[in-house]
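Heads up, the thing below is written out as structure tokens.
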Amino acid sequence: MSDGDLAAFDQPALPVGGDVLLRPWLLTDAAAVMEAFQDPAIQRWHVRRADSVQEAGEWIEQWQRSWSEETGAHWAMVHAGSGALLGRIALKSLSLADGKAEVAYWTVPAARGGGLCPRTVQVLTCWALGEGGFHRIELEHSTANEASCRVAVKAGFEEEGVRRGAWLHADGWHDVHLHARLRQG
């Protein structure tokens, strides 16, 4: 994989099943993103908040640009019928030359607990390691975030170790679990 490989084609929509779709972000999603970032759990684990629809719209514009700039790949996790926002999933920290990226995600409170997040992580990872051309997808989370650890395990990511004091959250420095999946064959 090399520079230009990702931007050479349009960002795909990826069906997850169960009426869920991963699709590129739209500016009309800004109000739903701002609402999602009112959730204390999203604020805690993602260390940011959206204070206005305009700010959320600026994030979406950045997420949209990241595909053509080959710096990231961000999808809205939506209900396929209604278009209601269920969450966000992304490939970030792209290194096309090394064929690796990191998966990141969040879900709105109403979408939690039914296995949606592990399914979306599996779908995106299968795309990334297949059509996307990546060799390695990493998933990191605070060791205190047990829900994200369950997502990683259910999505088939093997734990590789702990990075000590790697992330600064509002309550201080956190150790981080590193998980990964590799392209087979």
Side-chain angles (χ1 to χ4, degrees), residues 1-18 20-25 42 45-48 59-78 80 86-107 111 115-169 174-185:
M1 176 172 248
S2 60
D3 289 346
D5 287 353
L6 193 62
F9 57 93
D10 291 335
Q11 183 177 355
L14 304 171
V16 175
V20 176
L21 178 68
L22 303 180
R23 64 150 169 81
W25 285 95
I42 291 176
W45 299 120
H46 295 273
V47 197
R48 70 191 303 192
W59 294 355
I60 291 170
E61 288 173 340
Q62 178 186 4
W63 297 339
Q64 291 171 330
R65 281 191 312 273
S66 70
W67 181 269
S68 62
E69 295 172 352
E70 296 184 323
T71 57
H74 303 260
W75 283 265
M77 190 185 308
V78 299
L86 304 171
R88 170 185 171 256
I89 190 163
L91 295 174
K92 61 181 197 168
S93 304
L94 302 186
S95 175
L96 299 182
D98 293 330
K100 69 179 186 174
E102 181 181 339
V103 66
Y105 50 83
W106 51 259
T107 54
L116 174 63
C117 205
R119 285 194 331 264
T120 60
V121 170
Q122 286 174 329
V123 165
L124 180 57
T125 302
C126 286
W127 174 85
L129 294 173
E131 286 180 58
F134 289 89
H135 167 72
R136 176 183 172 88
I137 304 298
E138 297 179 346
L139 188 160
E140 293 184 308
H141 62 83
S142 166
T143 56
N145 189 340
E146 294 175 10
S148 274
C149 197
R150 287 190 302 272
V151 167
V153 170
K154 288 179 182 179
F157 282 73
E158 293 188 35
E159 186 175 334
E160 295 187 338
V162 175
R163 293 190 320 123
R164 295 176 301 121
W167 288 355
L168 181 60
H169 285 273
H174 284 229
D175 292 348
V176 174
H177 277 156
L178 171 62
H179 302 257
R181 279 186 55 185
L182 303 177
R183 175 185 278 181
Q184 300 300 313

Taking every non-hydrogen atom, the tightest pair across Glu70 and Leu94: O-CD1, 3.7 Å
Shortest non-hydrogen contact from Ser66 to Ala73? OG-N, 4.0 Å
Yes or no on side chain to side chain contact (heavy atoms under 4.5 Å, CB included) for Cys117 and Trp106, after CA distance, side-chain angles and deciding distance? CA-CA 8 Å; Cys117 205; Trp106 51 259; over 6 Å; no
So, taking the atom named CZ in Phe134 and the one named CZ in Arg181, what distance separates them when rounded to the nearest 0.5 Å? 14.5 Å
For residues 141-162, which residue pairs qualify under salt bridge (charged side-chain N to carboxylate O under 4.0 Å, His left out), counting only residues two or more places apart or in two chains? Arg136-Glu160
For His74, what residues pass the ring-ring contact (aromatic ring centres under 6.0 Å, His included) criterion, not counting sequence neighbours? Trp63
So, the side chain of Arg23 versus the backbone of Pro12: is there a donor-acceptor pair under 3.5 Å, distance only? no
Is the shortest side-chain heavy-atom distance between Leu124 and Ile137 below 4.5 Å? no
Mind checking salt bridge (Lys or Arg N to Asp or Glu O under 4.0 Å) for Glu140 and listing every partner two or more places apart, or none if nothing turns up? Arg163
Taking side-chain contact (heavy atoms from CB on, under 4.5 Å) as the test, write out the residues that go with Ser142, two or more places apart. Trp45, Ala144, Asn145, His169, His174
Could you report the tightest heavy-atom contact between Gln122 and Ala155, atom names first, then the distance? CG-CA, 3.6 Å
Where Ser68 and Ala7 come nearest, the two heavy atoms and their spacing: O-CB, 3.6 Å
side-chain contact (heavy atoms from CB on, under 4.5 Å) partners of Thr143, counting only residues at least two apart: Val162, Asp175, His177
Got a sec, which residues hit side-chain contact (heavy atoms from CB on, under 4.5 Å) with Ala152, two or more places apart in sequence or on another chain? Leu139, Phe157, His179
Got Trp75 and Leu21 here, is their nearest side-chain heavy-atom distance under 4.5 Å? no
Heavy-atom closest pair, residues Gly130 and Arg183: O-NH2, 3.4 Å
Between CD of Glu69 and CD of Gln64, what distance do you get to the nearest 0.5 Å? 11.5 Å
Starting from the C-alpha separation in whole Å, work towards a yes-or-no answer on side chain to side chain contact (heavy atoms under 4.5 Å, CB included) for Ile89 and Val121. CA-CA 8 Å; Ile89 190 163; Val121 170; 3.9 Å; yes
Can you list everything that forms a side-chain contact (heavy atoms from CB on, under 4.5 Å) with Val16? Sequence neighbours excluded, please. Val20, Leu22, Arg119, Thr120, Val123
Are Trp25 and Trp67 an aromatic pair by the rule of ring centers under 6.0 Å? no
Point-to-point distance, once rounded to the nearest 0.5 Å, from OG1 of Thr125 to CG of Leu91: 7.5 Å
What's the separation between atom OG1 in Thr107 and atom CZ in Arg88, rounded to the nearest 0.5 Å? 12.5 Å
Could you check His135 against Asp98 for side chain to side chain contact (heavy atoms under 4.5 Å, CB included), going step by step and ending with a plain yes or no? CA-CA 8 Å; His135 167 72; Asp98 293 330; over 6 Å; no
